[in-house]
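Below, all heavy atoms of this structure are taken into account, side chains as well, without hydrogens, waters or symmetry copies.
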Amino acid sequence: MTIVWLLIGHALADGPLQLGSLSDAKRSKSELVRIGALAAHGAVHGAFVAAVTGSGVLGVSEAVLHAFLDGLKSSGHIDSVTDQIGHVA
């Protein structure tokens, strides 16, 4: 059942909880804005993981890895499918 809640959290954080301005900022030409947006988005994902699993370590790990993968996607190094596979894996 935990995996179901993790997937729901992921869908919420990548969907309705990610405002358009945050999504745009992840692709900003300003490195500072881009990193801030990726960190904020990753933190939302990490909070869901920590809440579902009860583990701060897993939450922080998710925040960092999610931001890293989205950074790769927003800079064109990976496509959206690879990004989502990486998030679920």
Side-chain angles (χ1 to χ4, degrees):
M1 191 61 170
T2 300
I3 189 69
V4 172
W5 286 112
L6 289 170
L7 291 172
I8 289 170
H10 181 86
L12 288 172
D14 265 358
L17 295 178
Q18 181 176 212
L19 304 175
S21 57
L22 180 61
S23 181
D24 292 342
K26 291 190 309 184
R27 294 183 301 278
S28 174
K29 295 199 185 305
S30 165
E31 196 68 16
L32 185 61
V33 170
R34 186 172 165 279
I35 290 171
L38 289 167
H41 182 61
V44 172
H45 279 275
F48 269 107
V49 169
V52 169
T53 64
S55 170
V57 171
L58 289 177
V60 170
S61 297
E62 167 62 14
V64 171
L65 291 172
H66 194 96
F68 177 73
L69 285 170
D70 274 16
L72 290 175
K73 180 179 73 172
S74 68
S75 63
H77 288 91
I78 61 173
D79 62 16
S80 293
V81 172
T82 304
D83 172 64
Q84 290 303 310
I85 291 169
H87 290 318
V88 174

* Closest approach of Ala13 to Gln18 (non-hydrogen atoms, all atoms of both residues) -> O-CB, 3.4 Å

* To do: Indicate yes or no for a side-chain donor-acceptor contact from Ser74 to the backbone of Lys26 under 3.5 Å, with no hydrogens or angles considered.
  => yes

* **same_hphob_cluster(Val57, Val49) at 4.5 Å side-chain heavy-atom cutoff** => no

* Between Leu6 and Thr53, is any pair of side-chain heavy atoms under 4.5 Å apart? -> yes

* Asked: NZ of Lys29 to CD of Glu31: how many Å apart, nearest 0.5 Å?
  -> 12.0 Å

* Return the minimal non-hydrogen interatomic distance between Ser30 and Ser28, and the atom names on each side. => N-OG, 3.0 Å

* Asked: Should His41 and Asp14 be marked as a side chain to side chain contact (heavy atoms under 4.5 Å, CB included) after you check the CA-CA gap, both sets of side-chain angles, and the distance that decides it?
  -> CA-CA 8 Å; His41 182 61; Asp14 265 358; 2.9 Å; yes

* Linked, directly or transitively: Leu32 and Leu38 (ILVMFWY side chains, under 4.5 Å) -> no

* **Interatomic distance, Asp70 atom CG to Asp83 atom CG [nearest 0.5 angstrom]** => 5.0 Å

* Are Val33 and Leu22 linked, directly or through other ILVMFWY residues, by side chains that come within less than 4.5 angstrom of each other? -> no

* Same cluster or not: are Leu58 and Val4 linked, directly or through other Ile, Leu, Val, Met, Phe, Trp or Tyr residues, by side-chain heavy atoms under 4.5 angstrom apart? -> yes

* Heavy-atom pair with the smallest gap, counting every atom of His77 and Ser75 -> ND1-OG, 2.7 Å

* Geometric class of the His10/His45 ring pair [parallel <30°, tilted 30-60°, perpendicular >60°] -> tilted

* Asked: Are Trp5 and Val44 joined in one hydrophobic group, where the rule is that I, L, V, M, F, W and Y side chains link up if heavy atoms are under 4.5 Å apart?
  -> yes

* To do: Look up atom CD1 in Ile78 and atom CD in Gln84, then write down how far apart they are to the nearest 0.5 Å.
  => 9.5 Å

* Side-chain donor-acceptor contact under 3.5 Å, Asp79 with Thr82 -> yes

* To do: First locate atom CG of Leu12, then atom CG of Leu17, and finally report the distance between them rounded to the nearest 0.5 Å.
  => 5.5 Å

